[in-house]
Amino acid sequence: MSKSKIIITGGCGYIGSHTAVALQQAGFEVVIIDNLINSQENVLTRISEITGFKPQFEKVDCTNPISMKDIFAKNNDAVGVIHFAALKAVGESVAQPIKYYKNNINSLLNVLESMIEFKIPNLVFSSSACVYGEPEKLPVTEQTPLQPATSPYGATKVMGENIIKDTIRAHPELNATLLRYFNPIGAHPSGKIGELPNGIPNNLMPYITQTAAGIRDKLSIFGNDYSTPDGYCIRDYIDVNDVADAHIAAIQYMIKNKPGIETFNLGTGRGLSVIELIKAFESANNIKLNYIIAERRPGDVPELWANANLANQKLGWKAKRSLEDTLKSAWQWQKNVSDLK
Ligand code: NAD
Ligand code: WQD
């Protein structure tokens, strides 16, 4: 029997590469579309070292409608599309909004148009916990009201969700799952794939591992005077492999139930403060981290964590990796990357 085929845009990136591995290991055939704007082609070799299969690769910009249609025409037997491709640096999006709207919105429109034209029925969209802004009640459920985006990046996620909802309404033959990721961290246990930030990391986890590796002098903690139990910001840090697994569950759920549109939080349901994450990293890896307390970072919400019960009930998915294993994998990956340089 031939394998079910999934098209993954942005499949060379952090979450996409872990999802490609998980899909191949679950018996799917994977086609990756990526223009490598924030990733490297050698990820494909790493994927095949883990799974034994090299994905079909198309080095294409998703904002190019003609190339996208060519690829979808060639792969019109695909059962679904997972759309990761996007630019994701919040600060850069404030400085260069047009770049972000052009890239993230045009890519999504081309994906949807090609899906309609070539009758590919199921879409998974990478949304983000940032759509909740600063919520009144925690943890947030999928029913928690969304708040106006605080950055052009966040706006592309809110708009993306709305564009997909309108499209599904007009095209009942399509299904879509909007996955709102909280804070994905960690790497594949093989140590062969992980997060590869360009330049100085914006996110906490790669900043921690680069500081531990001596690439950065010290970590600045952005504020310890928040109205949280210990004064530090709280987030829901989730293992990237758990995030990857949820995409398979979403694809299988859509194939089975043809649900129209569904939205799920992907978090652990556990909030951790910045200092709790740092201490857990130090203890999992037996490392002392150099850090200082700095000013608050503009735009940070004090606390955000998920109620992920809906994904558990409907998709049968739950975050299952332990924090300790996740933090060990993040450090192992950092050491491997440092060795490569
Ligand atoms: P990433 O930057 O590692 O991966 C994105 C991939 O998309 C990269 O390989 C990049 O080269 C590619 N890409 C970008 N624009 C493209 C285009 N126009 N055409 C083709 N390829 C393009 O990011 P990630 O962390 O893996 O994030 C994946 C998705 O999840 C993104 O949509 C992101 O917004 C979303 N997300 C990420 C996080 C997070 O913390 N990592 C949280 C919430 C949501
Ligand atoms: C986590 C915590 C910082 C760096 C962002 C995006 C969001 C989503 C995930 C894509 C915060 C603190 C950080 C540092 C620090 N991405 N911190 N020192 O801000 O929750 O979410 O990434 O969709 O949209 O906004 O993640 O990792 O940047 O920060 O103290 O050097 O770590 O203040 O409390 P965030 P983060």
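Both counts, for ligands and for their atoms, begin at 1 and track the order of listing. All heavy atoms count here, side chains included; hydrogens, waters and symmetry mates do not.
Among R297, K218, K88, R216, the residue whose heavy atom sits closest to atom 29 (O) of ligand 2 is R297. Nearest-residue assignment for atom 14 (C) of ligand 1 (options A86, P197, G10; heavy-atom criterion): A86.
At a 3.5 angstrom cut-off on N or O pairs, K88 counts as close to ligand 1. Taking distance alone, with nitrogen or oxygen atoms compared against 3.5 Å, F182 stays at or beyond that limit from ligand 1. For the pair F84 and ligand 1, the shortest N or O to N or O distance falls below 3.5 Å. Annotation: L87 places no N or O atom under 3.5 Å from an N or O atom of ligand 1; distance criterion only. Between I15 and ligand 1, an N or O atom pair is found at a separation short of 3.5 Å.
In summary, the atoms of ligand 1 found under 4.0 Å from a heavy atom of S107, numbered by their order in the structure, are 18 (N). Residue V274 has at least one heavy-atom neighbour below 4.0 Å for each of these atoms of ligand 2: 12 (C), 32 (O), 34 (O). Of all the atoms in ligand 1, the ones that sit under 4.0 Å from a non-hydrogen atom of C12 are 9 (O). Annotation for ligand 1: atoms under 4.0 Å from non-hydrogen atoms of S126 are 29 (C), 30 (O), 32 (O), 35 (C).
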Next on the checklist: Between V240 and I185, does the side chain to side chain contact (heavy atoms under 4.5 Å, CB included) criterion hold? Intermediate values first, please.
Outcome noted: CA-CA 6 Å; V240 67; I185 60 168; over 6 Å; no

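Proximity of D300 to ligand 2, defined as any heavy-atom pair under 4.0 Å, is confined to the side chain (atoms from C-beta onward). At a heavy-atom distance under 4.0 Å, only backbone atoms of S220 (N, CA, C or O) approach ligand 2. Within the 4.0 Å heavy-atom criterion, the part of Y153 lying near ligand 2 is the side chain and not the backbone. Counting heavy atoms closer than 4.0 Å to ligand 2, residue N202 contributes backbone atoms (N, CA, C, O) but none from C-beta onward. Contacts of L204 with ligand 2, taken as heavy-atom pairs under 4.0 Å, involve both backbone and side chain. In Y226, neither the side chain nor the backbone holds a heavy atom less than 4.0 Å from any atom of ligand 2.
With respect to E49 and R46, no salt bridge is recorded, no charged nitrogen being found less than 4.0 Å from a carboxylate O. Look at E41 and K59 and you find no salt bridge, because none of the NZ, NE, NH1 or NH2 atoms lies under 4.0 Å from a carboxylate O.
Taking the side chain as every heavy atom from C-beta outward, F264 and Y181 never approach each other to under 4.5 Å.
In terms of protein heavy atoms, atom 34 (O) of ligand 2 is closest to C233 CB, 3.0 Å. Annotation: atom 16 (C) of ligand 1 to nearest protein heavy atom, N35 OD1, 3.5 Å. Among protein heavy atoms, atom 8 (C) of ligand 2 sits closest to S128 OG, 4.1 Å. Distance from atom 8 (C) of ligand 1 to its nearest protein heavy atom, with residue and atom name: D34 OD2, 3.6 Å.
Taking the six-membered ring for Trp, F84 and H18 have ring centres at least 6.0 Å apart.
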